[in-house]
Amino acid sequence: MSVALSVSTNQSSTTVGKRVAKYLKGLVNHKGWLAIVLVLIFWQTISLLLGGHGLVPSPIRTAAVMWDVLVSGEFFVQLGDSMARLLIGFTLAMTMGLIVGVMSGSRWFWNEFFKDVIVLGLSLPGLVYALLSVVIFGTNLMAPVMAILFASYPFIAVNIREGVKAMDKDILDMTQAYKVGKWKVIKNVIMPSLLPHFLAAIRTGFTIAWKVSVLTEVFGATSGIGYMIRFNFQMFAVRGILAWSLLFGFVMLVIEYGILVPAERRFARWRPNISEVVK
Amino acid sequence: MKTSAVKVKDLVKNFGELRVLDNVSFEVEESSLTTIVGFSGCGKSTLLNVLAGIESITSGIAEVNCSNDSSTRLGYVFQSPRLLPWQTIEQNLLFVRPNDIDEETHSKRVLKYLEMVGLKNVRHKFPYQLSGGMQQRAGIARALCIEPAVLLMDEPFSHLDEITAGGMREEMLRIWEETHRTILFVTHDMQEAVELGDRLIMLDYHGRIFADLKIDLPRPRNLTEREFIYFYSDILQHLQKMQSIRAEELAELGLN
């Protein structure tokens with residue numbers, strides 16, 4: 001028994017090892033590094049041209065501040081506060097976006113009903129939601145949550161609405177001809193066909209939510225990444241502003257490559273690889 | 001005497017103001033292969049959709065019976081395979097399991113029919129990984145695996161090239177002889193209709209039955225044999241008659 005257990009443990013550790021090695025290989029081969037390196041060279045050049053500090057601090061000096069913020073643990077405290085607000089707001093936005101999107105996509109009346117409100121929601125800049133929320137709700141939790149909800153839900157609703165509209169009627173007719181049960185159709189047909197639109201909705205909605213959340217914290221919060229950016233601004237610490245902004249960007253990259261891309265890859269196994277189609 | 005597997009009586013189907021099927025009545029014997037022909041838009045596919053319950057009936061009767069068991073299940077092979085792209089071929093067939101069939105029995109049937117259409121080895125592949133002909137065979141296996149009382153086939157080979165379609169017709173006839181399913185086969189290809197069916201129902205431009213002919217030709221049918229050519233030319237005469245009636249109707253309306 002113990003032998004069998006140790007064998008299976010070895011196997012699983014080998015599998016994990018292989019996965020990590022594959023992931024690291026993918027990371028090294030990632031073509032995006034080149035663009036990042038070019039941006040860093042450009043940044044360094046501008047910084048040198050302007051004297052190396054002051055208005056445009058060099059990437060190395062900024063990295064040093066980022067390191068300090070990370071090592072002190074302060075970043076994670078502020079990130080925790082921002083994430084809590086973000087998750088509450090985004091969950092509400094996702095729920096509202098899903099309801100409005102499904103209603104608009106499936107019924108002509110609801111499409112007409114929500115159409116203009118959605119367009120209005122899409123066109124207003126995040127800054128407006130952030131400012132209004134702070135004015136109306138003050139510095140409590142409701143301000144970022146409401147700003148995220150109203151800024152983010154139209155983007156989610158649009159994606160979901162288009163997904164519902166694009167649903168293959170022929171396949172739905174097939175399920176009707178074979179008298180497949182309602183729940184089986186929802187699980188095996190409707191949910192998988194909505195999934196790419198759902199993932200697109202999450203990506204777009206989450207990006208908007210992040211930005212609005214930080215913006216609201218800049219205007220009216222006593223903690224969070226946005227608050228730290230404002231604090232550094234008041235101190236005229238450009239390095240601090242850059243360090244906190246970049247760390248915030250890195251979190252987005254981690255979410256992108258750690259959650260969204262693997263999820264997309266997992267749920268898109270049934271699609272031909274683009275390299276198989278375009279040769 | 002064989003019983004009727006399909007009974008259609010005074011069937012009328014309107015889409016708004018447009019009448020697509022007009023007082024259609026016919027019965028189909030069990031284990032027979034009936035072909036339904038007609039020009040595009042004459043209501044052939046609508047007739048199958050009405051039988052499958054996809055479209056509602058305006059008036060009349062369209063029902064499926066079966067004497068040997070209580071099943072009134074219908075298998076439907078569409079023009080395009082209509083497979084779920086996110087499921088493997090086997091999962092696609094498992095998906096249509098009728099509620100009164102347990103999972104184990106259905107799984108066995110799925111394998112049986114996948115083998116029958118020659119797709120058992122590729123059952124774990126996704127539809128995009130198969131050719132058009134293979135996907136259509138998967139569609140046929142899906143229709144057969146529920147062991148339906150009646151198999152509805154709506155121009156199933158029209159999207160395939162002639163060589164693949166010819167092979168598929170042969171395969172379909174082999175499966176039909178093996179399973180004795182009642183088949184209602186819609187096509188716009190007159191030659192295909194005569195090659196496959198033992199009865200031919202021709203619909204006119206108004207969705208009415210224009211001709212109902214028994215095809216009493218020996219199988220396998222050779223397209224170059226004299227009997228086949230005679231019967232086929234007879235069908236063409238019916239078609240010409242139908243077209244000349246249509247031309248007169250259009251002339252009366254002042255249209256060319």
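We name chains A, B, ... by the order of the sequence lines, and we start the count at 1 in each one.
For K179(A), the part sitting under 4.5 Å from any heavy atom of chain B is the side chain, from C-beta outward, and nothing else. Of the two parts of T175(A), only the side chain, counted from C-beta on, holds a non-hydrogen atom closer than 4.5 Å to a non-hydrogen atom of chain B. Neither the backbone nor the side chain of L48(B) comes within contact range of chain A; no heavy atom of the residue lies under 4.5 Å from a heavy atom of that chain. In this structure, chain B has heavy atoms under 4.5 Å from both the backbone and the side chain of V189(A). For F95(B), the parts lying near chain A are the backbone and the side chain together; criterion is any non-hydrogen pair under 4.5 Å.
Ring pair F78(B)/Y76(B) is parallel by interplanar angle, where below 30° counts as parallel and above 60° as perpendicular.
Note that the CE atom of M94(A) and the CG atom of L87(A) stand 13.0 Å from one another [nearest 0.5 Å]. Here SG of C42(B) is found 10.0 Å from CE of M202(B). Values are rounded to the nearest 0.5 Å.
A salt bridge is absent between K9(B) and E27(B): the closest approach of a Lys/Arg side-chain nitrogen to an acidic carboxylate oxygen does not fall below 4.0 angstrom. With respect to E162(B) and R169(B), a salt bridge is recorded, a charged nitrogen being found less than 4.0 Å from a carboxylate O.
In this structure, F250(A) has its ring center at least 6.0 angstrom away from the ring center of F248(A).
The greatest number of non-hydrogen atom pairs below 4.5 Å with chain A, out of R142(B), E55(B), Q91(B), K125(B), is found for R142(B). Note: N188(A) leads L172(A), D168(A), N188(A), V180(A) in heavy-atom pairs under 4.5 Å with chain B.
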